[in-house]
Amino acid sequence: MGNRRRVAERRKTSPAVIGGMIAVVVGGAGFGAYALYSGAAADDGARTASANQKPEVKTGPLSATEVTTTARAFLTAWQSGKVTEAAAATDDSAAATSLLTGYSKDARIKEVTLTPGTPTGDEVPFSVKATVSYENTEKPLAYDSALTVVRRTSDGKPLVDWHAAVVHPELKDGDKLVTGEAGTPPVKALDRDGGELTRKKYASIGPILDGLREKYGKEAGGKAGIELRVVRGKSAASDDLSDKTLLELSMGTPGTVKTTLDPALQAAAEKQVAKKARSSVAVVRASTGEILAAANASPGFNTAFQGSLAPGSTMKVITSSLLIEKGLASADKKHPCPKYFTYGHWKFQNDKKFEIKDGTFKASFARSCNTAFISQAPKLKDDDLTKQAQQVFGLGLNNWAIGVPSFDGAVPVQSAAQMGASLIGQGGVRMNPLNMASVSATVKSGTFHQPYLVSPDVDGRELAKASRTMSAGTLSQLRELMSYTADYGTAAEAMAGVGGDAGAKTGSAEVDGQKKPNGWFTAYRGDLAAAGVVQQGGHGGDTAGPIVAALLKTGG
């Protein structure tokens, strides 16, 4: 944020006095019309203890009265500008005091009206209407939030469960709200054809636009305006979340940033993810690494670039390249695929406990046989898979510079059962659709090209490189495996009609606490490579597969 004079804004009120008690209006369903205060403390439901008796600590579920009374006390105090009193109604008074003080002092928010809604269990929704004022400029602010009431263990007292999101749903703990001259000017982002990229046109483009502004706002020649913004704290920044504009009080002058996004493919990607909840997809040009599309069904977070999820059997593309290089597998040679294989005291099995007797490695890859890969774990070193991912596929080195925040994949060195699980994309392996689209792109082009959204020519940044490439023999076999899977394996149904020079791999990743696995799919056709995930979707061929295949057809 730019330097600015901070002026505290406090609302002056003249509460009515009724029978020696102060009454403050707080409207909303589920609450009484007035919050009443006298010299005595409010009754919290605890019994009075005698001198020889310890106070009884109330336990068990909160009553409806406790929920509404606690929420009413907090909201009334906040609305009245009584920060200390509002913070005392929470289970973290220090954090609440800091953020609520900044709400008026740093965010310049005044004339606050809080209207509670009907509670649902221990949660109370509420609406916020206020005014943001900076120097001679004012604008109305309105949004919805919610709070949850919990019982303090030590004494049973009901309190507001404090998190920054209570103040505003866009806040993470440690973030703050600030109004003033934006430290970073706005940007006008363009697609590869010169068309403007907007949130209205592309539903999930928001995080990308925020990232572009943060990276290129000052370099693109724009001028900052006056804004109410979320300024990220350390915890949110560590998750690569960008600062976020909530309200523009005065327009800045945007600079221009051109991206590699293809308007037709981006529109198609948005349409595809809209059909599947919790889906994400990314498309790249295999020969260059240019990112042509990226979309997420949940637009608040860019899972396509920043997700960190176990990729399941799509990881077998990387593992296969390793096994072929080491002479532990060959596409058309016999390869074991038993029902079970035990390694590191874990008993691994295939989907529905299938086995392939006297089958080839190509058959095991196409049908996604887990034991065919884990059976080779005893012959591998703990860091073999890590080195293969880093050296050949450019993953897990945390050095991609795509133009906006991204997660570059992780393949940590593991041992015993966890190493075996990593071979099939479980254990500690983590990827996102952009990572797995890059994997297919590397297979198609034969060389790793770091994906990028903004040309490095714009700012002279250096793109990541892989330290080596696969041998011609390994590459040829890997393409054969993916082509066979697209034609006859678990990817065949999704890839039907794609045609051309195509290859694919499906994946399903088990996640603790989920009834259904995350479904993955990675594929290439011609010079396009794409990958997608549907969280809690099930088998990748049925869920993510149609999304990826549709985009390969669109771009073909």
(message) So, using side-chain contact (heavy atoms from CB on, under 4.5 Å) as the criterion, who are the partners of P169 when residues are at least two apart?
(response) Y143, S145
(message) In the structure I gave you, are the side-chain heavy atoms of L171 and L177 within less than 4.5 Å of one another anywhere?
(response) yes
(message) Between N399 and D408, do the side chains contain a donor N or O and an acceptor N or O under 3.5 Å apart?
(response) no
(request) State whether the side chain of S63 and the backbone N or O of E66 hold a donor-acceptor pair below 3.5 Å, judged by distance alone. (result) yes
(request) For R232 and S242, indicate whether the former's side chain and the latter's backbone hold a donor-acceptor pair under 3.5 Å. (result) yes
(request) May I ask you to decide if A164's main-chain N or O and D173's side chain share a donor-acceptor pair within less than 3.5 Å? (result) yes
(message) Counting neighbours of CD on E462 that are heavy atoms of other residues, nucleotides or ligands and sit closer than 6.0 Å, is the number greater than 12?
(response) no
(message) Are Q535 and V511 packed together at the side-chain level, in the sense that at least one heavy-atom pair is separated by less than 4.5 angstrom?
(response) no
(message) With a 4.5 Å cut-off on side-chain heavy atoms, are V548 and T522 touching?
(response) no
(request) Please confirm whether the backbone N or O of P61 pairs with a side-chain atom of R151, one donor and one acceptor, at under 3.5 Å? (result) yes
(request) Verify, without hydrogens or angle tests, whether T543 (side chain) and G537 (backbone) share a donor-acceptor contact under 3.5 angstrom. (result) no
(message) Between the side chains of R213 and E227, is the shortest nitrogen-to-carboxylate-oxygen separation below 4.0 Å, so that they form an ion pair?
(response) yes
(message) Can a donor-acceptor pair be found, under 3.5 Å and without considering hydrogens, that links the side chain of N432 to the backbone of F305?
(response) yes
(message) I'd like to check V124 versus V160 (side-chain heavy atoms, cut-off strictly below 4.5 Å). Are they in contact?
(response) no
(request) For the pair E138 and K110, find out whether any cationic side-chain nitrogen is under 4.0 Å from an anionic carboxylate oxygen. (result) yes
(message) Main chain of A310, side chain of W520: is a donor-acceptor contact present, judged purely on distance under 3.5 Å?
(response) yes
(request) Taking all heavy atoms of D91 and all of W162, pick out the closest pair and write down the distance. (result) OD1-N, 2.8 Å
(message) In the structure I gave you, are the side-chain heavy atoms of H449 and V284 within less than 4.5 Å of one another anywhere?
(response) no
(message) Between R278 (side chain only) and Q536 (backbone N and O only), is there a donor and an acceptor less than 3.5 Å apart?
(response) no
(request) Take atom CG of N398 as the centre, draw a 6.0 Å sphere, and report whether it contains more than 12 heavy atoms from other residues, nucleotides or ligands. (result) no
(message) Side chains of E214 and T184 only: does a donor on one sit below 3.5 Å from an acceptor on the other?
(response) no
(request) State, to 0.1 Å, how close G555 and L265 come at their nearest heavy-atom pair, and which atoms those are. (result) N-CD2, 3.9 Å
(request) Can you measure from OG1 (T256) to CG (L212) and round to the nearest 0.5 angstrom? (result) 12.0 Å
(message) Minimum heavy-atom separation for A88 and L159, please, with both atom names.
(response) O-CD2, 3.8 Å
(request) Taking only Lys NZ, Arg NE, NH1 and NH2, and the carboxylate oxygens of Asp or Glu, determine whether R229 and D175 approach each other closer than 4.0 Å. (result) no
(request) Using a strict cut-off of less than 4.0 Å between a Lys/Arg side-chain nitrogen and an Asp/Glu carboxylate oxygen, indicate whether D155 and K157 qualify as a salt bridge. (result) no
(message) I'd like to know if the side chain of N435 and the backbone of F407 have a donor-acceptor N/O pair within less than 3.5 Å.
(response) yes
(request) Check side-chain hydrogen bond (donor to acceptor under 3.5 Å, both in side chains) between Q272 and all other residues, then give those that pass, not counting sequence neighbours. (result) none
(message) Would the distance check show the side chain of E270 and the main-chain N or O of A295 forming a donor-acceptor pair, the cut-off being under 3.5 Å?
(response) no
(request) State, to 0.1 Å, how close P299 and S204 come at their nearest heavy-atom pair, and which atoms those are. (result) CB-CA, 3.9 Å
